[in-house]
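For reference, the structure is listed below as structure tokens.
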Amino acid sequence: MGKPKKEKDVRFSKFGTVSFTATTKVNDFIDYLEKGEVRGTKCKSCGKVFFPPRADCYSCLSSDMEWFKVEGAGKLITFSILRYAPIGFGDDLPYAIAVVDYGDYKVFGRIGDIDLDQVQCGMEVVVRANELPNGQLNYVFDKA
Amino acid sequence: MGKVAIIGVGQSAFSRAYPGSIRELAFEAFREAMVDAGAETGDIGATVVCSAPEYDKQRSPAGVLAEYLGLTPQPTFYAETLCSSSSTGLKLAYSLVASGLHDSVMVIGFQKMSEISSAESQERMGRGADIQWESPFGTMMPAYYAMYAQGYMDSYGITSEDLALIRVKAATYGQINEKAVYRKGVELQQCLDADPVANPLKVFDCCANADGASCVIVASEAKAKAMGIAKPVWILGLGAASAPVNLAGRDLFNGLRVAQMAAAEAYQMAGISAQDVDVAEVHDCFTIAEMMAYENLGFAEPGGGKELIRSKETYKEGSIPVNVDGGLLSKGHPIGATGGSQIRTIVLQLRGEAGEMQVKDPQIGLVHNIGGVGLYGNVSILGR
Ligand SMILES: [Zn+2]
């Protein structure tokens with residue numbers, strides 16, 4: 001008998017309608033999403049803040065990171081409403097993607113419970129962890 | 001460093017579905033460039049092969065193409081920056097010649113997009129962005145550029161009509177470019193009535209996928225002289241830059257920072273300013289991309305791009321003709337071949353050999369070629 005097979009940590013395959021990455025050192029992001037939190041990372045050594053979260057700091061070369069919560073209102077900088085979708089996303093149509101400015105960092109994601117014709121540059125939004133109909137997880141922006 | 005010339009250019013017709021393999025497609029551009037330069041295969045010291053991967057089954061196409069073109073045993077290698085791959089190829093070729101490693105280098109760009117379906121192609125192109133953090137939201141190229149269009153409209157108050165004017169211009173010249181995939185004229189109302197793809201971009205704001213190949217032969221001044229090249233076109237300036245792949249890392253949403261930076265670098269190297277450019281090829285994969293290019297290249301102030309197109313200053317007879325070969329919007333956009341095709345257009349313009357598309361007596365031409373959604377920026381300045 002060989003050694004028991006080591007389980008691969010593929011938590012990140014739960015991210016988004018279709019995930020293209022299974023394994024990453026920031027897999028805990030998924031655990032936070034499951035708890036209803038959207039988190040980025042902050043370098044413990046130099047204080048640099050990252051969203052999307054990263055495992056490594058290019059600024060001071062440290063890999064000692066802590067998780068911070070994306071909280072409060074951010075400002076929607078730009079968006080687009082998709083009328084066609086790439087393979088695997090057709091059932092989500094129509095949907096909108098957006099970039100939101102939180103000051104120290106920006107967040108790229110999907111529009112949530114906002115009528116698509118109400119979405120505007122400059123509007124205040126909050127981020128929310130979201131479970132998709134297919135059981136996958138992502139995060140979306142709602143009106144602040 | 002000695003001067004570096006472009007001594008030969010070639011391009012296949014761009015088409016919806018090329019009836020042959022990638023090596024045969026590349027041969028069409030290769031033959032035209034070789035005849036143009038009056039070169040023999042022994043004149044070529046090395047080849048740089050450029051495309052975006054994942055469209056064909058062939059792994060490592062450089063060796064396959066080099067063999068088919070009779071360019072073995074000379075060294076060959078692959079270069080990739082998505083849609084700007086062959087502009088990157090030009091920069092590499094310039095470096096190889098300017099350094100003295102080779103006295104002549106060929107840049108071959110190709111793409112056979114018809115190998116896969118349009119939806120598959122959108123998915124592949126979408127994966128030219130951040131697959132870990134963006135693609136899971138269902139992104140694709142038109143939607144990314146649409147976000148720039150939205151940001152631009154919000155900043156400068158342009159309308160869909162201003163963008164449509166760019167498509168109308170492209171179609172004006174697509175009709176007289178026999179190598180373009182889209183040869184029909186386009187009316188303003190047609191653009192405005194078209195279905196949205198990713199708001200605010202509509203069908204006519206987007207370029208079409210295409211199959212195609214391009215070829216550019218670069219040589220040292222001494223080699224060009226030895227070959228008796230009658231009208232060498234000189235590489236005066238090259239600039240390139242990269243940006244964070246995830247839009248969350250960007251600081252500008254009404255222009256492309258990489259284009260601004262590449263342009264500044266290229267102008268400095270050439271010792272010229274935007275006002276000195278007589279004819280330009282810009283990366284109009286979407287109408288908004290050309291509008292931003294006007295400003296990022298310094299042809300207009302930020303927000304002033306709309307005046308250029310409204311007053312037809314970027315038409316052939318205007319103060320700064322842009323994409324008078326139909327641009328990507330009418331020529332089609334075979335990703336790896338596009339930069340080489342733009343370079344070819346400018347070389348023909350500078351030689352006075354652009355036929356019906358010829359602008360009046362240009363001395364300096366510029367190529368603006370973007371990879372991904374402002375991920376890679378490349379500006380090349382050429383002169384007589
Ligand atoms: Zn750090």
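Below, read A as the first sequence line, B as the second, and so on, with proteins coming before strands; counting in each chain starts at 1.
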Turns out that what part of Phe29(A) lies under 4.5 Å from chain B's heavy atoms comes down to side chain
Less than 4.5 Å to any heavy atom of chain B: does that hold for the side chain of Val26(A), its backbone, both, or neither?
side chain
Looking just at side-chain N and O atoms, do Glu290(B) and Asn323(B) make a donor-acceptor pair shorter than 3.5 Å?
yes
Please check if the number of heavy atoms outside Glu301(B) that lie under 6.0 Å from its CD is greater than 12.
no
Atom NZ of residue position Lys42(A) - does it have more than 12 heavy atoms of other residues, nucleotides or ligands inside 6.0 Å?
no
Top contributor to chain A interface from Gly249(B), Ser135(B), Ala149(B), Pro142(B) [non-hydrogen pairs under 4.5 Å]:
Ser135(B)
The single option from Ile166(B), Ile158(B), Leu163(B) that satisfies side chain to side chain contact (heavy atoms under 4.5 Å, CB included) with Ile309(B) is Ile166(B)
Quick check on [X] against chain A: is it the side chain, the backbone, both or neither that has a heavy atom closer than 4.5 Å?
{"X": "Phe253(B)", "value": "side chain"}
{"X": "Arg127(B)", "value": "side chain"}
{"X": "Ser121(B)", "value": "neither"}

Best-contacting candidate, Gly16(A), Ser19(A), Gly122(A), Pro52(A), against chain B by heavy atom pairs under 4.5 angstrom
Pro52(A)
When Thr17(A), Ile81(A), Val140(A), Ile87(A) are compared by non-hydrogen pairs under 4.5 Å with chain B, the top option
Ile81(A)
Evaluate the criterion ring pair (Phe, Tyr, Trp, His ring centres under 6.0 Å) for residue pair Tyr156(B) and Tyr152(B); output intermediate values, then yes/no.
CA-CA 6 Å; Tyr156(B) 302 127; Tyr152(B) 187 94; 4.9 Å; yes
Mind checking whether His333(B) and His283(B) have parallel, tilted or perpendicular rings, split at 30° and 60°?
perpendicular
Is the Phe286(B) to Tyr144(B) ring centre distance short of 6.0 Å?
no
Evaluate Phe20(A) against Trp133(B) for ring pair (Phe, Tyr, Trp, His ring centres under 6.0 Å), listing each step before the verdict.
CA-CA 9 Å; Phe20(A) 299 91; Trp133(B) 295 102; over 10 Å; no
With a 4.0 Å cut-off on N to O distance, would you call Arg257(B) and Asp251(B) a salt bridge?
yes
Under 4.5 Å, heavy atom to heavy atom: which of residues 89-111 of chain A reach chain B? Give them by number, or say none.
Phe89(A), Tyr95(A), Ile97(A), Ala98(A), Val99(A), Lys106(A), Val107(A), Phe108(A), Gly109(A), Arg110(A)
Candidate pair Asp56(B) and Phe110(B), rule side-chain contact (heavy atoms from CB on, under 4.5 Å), full reasoning:
CA-CA 11 Å; Asp56(B) 14 78; Phe110(B) 78 91; 3.8 Å; yes
